[in-house]
Every structure is written in C-alpha cells, then in structure tokens.
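What follows is a set of notes on a single structure, which appears directly below.
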Amino acid sequence: MPAINKREKWASKIGLILALAGNAIGLGNFLRFPVQAAENGGGAFMIPYFVALIIMGIPLMWAECAIGRMGGRYGQGHTAGMFELMWRHPCSKYLGMLGIFIPFTIALYYIYITSWTLAYGYFSLTGDYFGVATRETMGAYLRGFQGVESNQYFSSISPSYLAYLTTLGMSLYIVYHGISGGIERLGKIAMPLLFLIGVALAVRVLTFGTPDPNYPENNVLNGLGFVWNPQPERLTNPTIWLAAAGQIFFTLSVATGAVPTYTSYMREEDDVALTGLSTAGLNELAEVVLGGTIAITAAVAFFGLAETEEIARRGAFDLGFQALPMIFQKIPLGHLFGALWFLLLFFAGVTSVVALTQPVMALFQDGFGWSRGKTTCVVLAALFLLTQPVIFFLKHGFLDELDFWVGSFALVFFALIETIQFAWVFGMERGWNEITRGAAISVPRPFYYVIKYVTPLFLLFILAAWAVQDVPNKIFMVGVKPEDAPYVWGARGMMIALLLVFGFLVKIASGKKGERS
Amino acid sequence: MTIEGWILLVLSWSSIIAVVAYCMAKVLKRKG
C-alpha cells in the first residue's frame, strides 16, 4: 500500500508531547488520584501503582504511539483504519471502531463536567459561593448549579448551560484550527500554565501549617501522612492492586483512541519510545507530585482526618467542588486561589475534551475526505444534540450509566483488544520494530515480553475482576430507583445506537479507502 | 507523617522528576 503523506503534522516534538500530556492529564489527576491513594493503603498504594505503571501503563502508551505513527504513514488517523492495516480481516475495522465510539461518548459528558470547572472558577472570582458555609449547603449549591434541584442558590440550569455552551464552543474552536494551529498551540499554552498554577497551589497548601490552633492535629503534615503513610498489611488485599491498576489506566488516558490519533500526525522520524515515556512522566508529575499534595492535604488541614475520610468516601467531586470551595472561603486571597484551582481543573479538562474529539474528526477527514470546517460543524452538531440528555437527565443517572459502560468497562475491553491486536495479530516482532525504530532512548528488551504476555494478562485480570464485581449489579440495575430506570435504558439505547452509527460510518470509510487504493 | 511516609514520598517524587528531566533534556536536545 502506498504511503500517504498529505496529512497535517505536529510543528514540533515538544508540541506533540504537550498535547499528549494534555490528553493524559485530566480532572482525575487532581481529584481521583488522592482519593484513591488515601482510601487504598496510603503510601502502600504507590507500590502497586508504580508496578501497574511499568507493566501496563507505559507499555500500552508505547504500543498506542507505535500504532498511531504507523497508521499516519498510510493516512489513517482513526483506530478503525489502523486496525485494518494491522489485521486484514472484515472484523478488524469494527473492533477498531471502538477507538472512535469510546472517546466520542466520553466527550458527551466530559465536556459538561469540564464546564463546571469554568463556572466555578468564575464563581470563585466573584465570590458567588462565599458565605455558603457547610459541606451540606455547598452540596446543595452544586446540585442547584447542575439543575438537579431548584433551590435558594440556583433557580434554573441557565448558568450551568451557559458554561457548557462556552466550553463546547471553545473546544470545537480549537479543534477547528487543526493539529498545529489549534491543539498544539493549546498544549503549549495550557500545559505550562497548568504546571505553574499547580506549583503555586501546592506551595500555598504546604504553607497552611496548622490553620486552627484549637485543633493542632489538623495540619499539613498529617494531610501528607494521610496520602503517604504506608499500611503495608493492605498490600495482600487484591482490591488495592485492582484500584492501583484502574487508576494507572484512567490517568494515562490510554485506550480512548486519542493517543493513536494524535501520534498519527507524527513525522516518520519522530520517535515513539521517548514520546510515550515523556507523556507518562509529565502525567505522573501532575498526578503524584501536584495531585497528591493539593486537595487531600488541604482537606485534612482544615477538616481533620475523620471528616476527610468521609469526604474521600463520598468521591472526587465532593472533594473538588464542595470541600475545597469551603477552604477558599477561609484563607486570605481565597477568591484568587479558588479561581486558580478551578482554572487548573479547566485546563486539565479542556485539553482532554479536545483529545477525545479528535478521533471522530479523523474518521471524517481521513475516511471521508471531508474538510476540517465541514467536519467541525457536523461533530459540533452531534456533540450538542447528544449532550442534551446528559445535561437534563443528570439526576436520573444518565451520565453515570454512560460512564460505567464506556468510561470504565469498554476502555479496558478495548485496551485488551488493542494489545492482542498489536502483540499477537500484527506480531510482536514487527510491533517491537515500530516502537524502537528511530528511538532516542533505548527500550529495555524485557518490555518485548511484558507487552506480549504481561500487559494483556494484567488487562484480562482487571476486566475479569470488574466483570465479576460490578457488571451484574449494573446490568440488573441494582440500586437504581424505579423512576430512573427508563433514563438508564435510554442511555443504553443511545450507546447501542452510537455503536451502530459508527459501525456504519466505518464500513463506508473502509469502502472509500478501498476505492482510493 | 511517618518516616516511612517521607521515604515513599521522596522516592516517588525524585524518580518522577528524574524521568521527566531526562526525557525533556532528550526532547529539547533533539529539537523539534
């Protein structure tokens, strides 16, 4: 097959790495990681966390970068086309189609969640939530903002909807400006700013000391201890290993289809190994160094260990949108630090939204030969229409249903397929050549065997454990209120419809490619 | 914060910072 080289390219290597880091660094780095670490053995969590990073996270990142660069060589920016290149079988494009369906569906709700951070940044600057004094009332404030209930803080969903429209418009505006003119430029601005803001917030948190002398045990050191003090006896509990593997999986944003799409715009001489390792390193810097320092440490210093445990149990959003805004109300320059916190989350979110949108852009541009403008309009319209039920049926569990099946289960399933496709169908020898060709760093040979044997087995273990633990309850809607059931079925119907539509589109794109060949 | 906690924190932070510094030095050396 002749190589096609008319596609856009990244203007610089650092631009590609910052864009990939923008894809990987998301809200979870700052909200999910510290909660997971604190709940799963503290410092002991870091042992399975780094093991999972080495035997699953980095190998998957390398494999995805290699698949992407190879796809780009033949003008394929989406995983459906890439899978066809690796395995000439009628089924392969439908398996690869998951790498378009998954990011598009995640984008439907990730855009909305990211828009909350934009609104809360504004509310911090204007002091809108200042005076909302307890976690319960901050919870009511968040629910009012989301339109889940009408209360004294918000009588309609309008502010939330306005933030959503702004975020959607900004994201598609960036995507419209293309790889080097839009996404690369965003990465070069947003990523350095994110790290600067992160460092400023981390320094502020570390200088909290003991905020209330009446409660000397509520201090920064105990906060760090909450995240880092090891409980080695918990290492024998498989749940900790599963939690660590899950965290690594989500934090690197592998198997969302975005990494192969981004790396399909690499130049032939760009190397995969250094790009992948740099991306993983920057992501870990944001997660472990900054994410592990800011939110939980601040919560312990102000609320104490017992209440922080309760906050952590209730989830990441309680930490980010309820506990921290209360702290900003208590510190000097709280308006500024609140705005910086939510700006940090917004940068983390919007760079991921853009990455999640690009695979479907690549399907239309590479598969159908559409212009960037036409593709952006169609994708914008589709995202807008399909996000409406996510926004208006939030309280009925519509978003949660999408998140479980697509944002959790399908991701691991696709990662497993991708690894098997790369290491066993395409062949590890050829795969290894793709990873090491032109590499600026030497990739240790043991990774050949890790990618071939260990990574797929590890993914199979995660998938099986989740399938046993969570899938039956989800399928049979355990805990779902009877009045919410139609909405949950609606979410399932939408996912099935999207699968069929993308399957149809991929079939047409494959046919067009055959005609061109 | 226990001594074991400090050890894990310092080991984790220093490993990550060392990897990022090494990678960025390589990337910038290659120029883009």
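Lettering of chains follows the sequences in order, A, B, ..., and the numbering in each one begins at 1.
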Minimum heavy-atom distance [X]-[Y], with the two atoms named:
| X | Y | value |
| --- | --- | --- |
| B/S12 | A/V288 | CB-CG1, 4.3 Å |
| B/M1 | A/L221 | CB-O, 3.6 Å |
| A/F50 | B/I16 | CZ-CD1, 3.9 Å |

What part of [X] gets closer than 4.5 Å to chain B, counting heavy atoms only: side chain, backbone, both or neither?
| X | value |
| --- | --- |
| A/I17 | side chain |
| A/F226 | neither |
| A/T279 | neither |
| A/E269 | backbone |

Given the options A/P230, A/P232, A/G281, which has more heavy-atom pairs under 4.5 Å with chain B than any of the others?
A/P230
What residue in A/A44, A/G43, A/A440 has the most heavy-atom pairs under 4.5 Å with chain B?
A/A440
Might you work through the side chain to side chain contact (heavy atoms under 4.5 Å, CB included) test for B/M24 and A/I14, ending with a clear yes or no?
CA-CA 8 Å; B/M24 287 302 115; A/I14 191 75; 3.8 Å; yes
Rounded to the nearest 0.5 Å, the SG atom of B/C23 sits from the CG atom of A/L285 at a distance of 11.5 Å
Output for pair (A/L274 CG, B/K29 NZ), nearest 0.5 Å, gives 11.5 Å
Counting only heavy atoms not in A/R185, do more than 12 sit closer than 6.0 Å to its CZ atom?
no
Do A/N229 and B/E4 make a side-chain contact, defined as non-hydrogen atoms from C-beta onward lying under 4.5 Å apart?
no
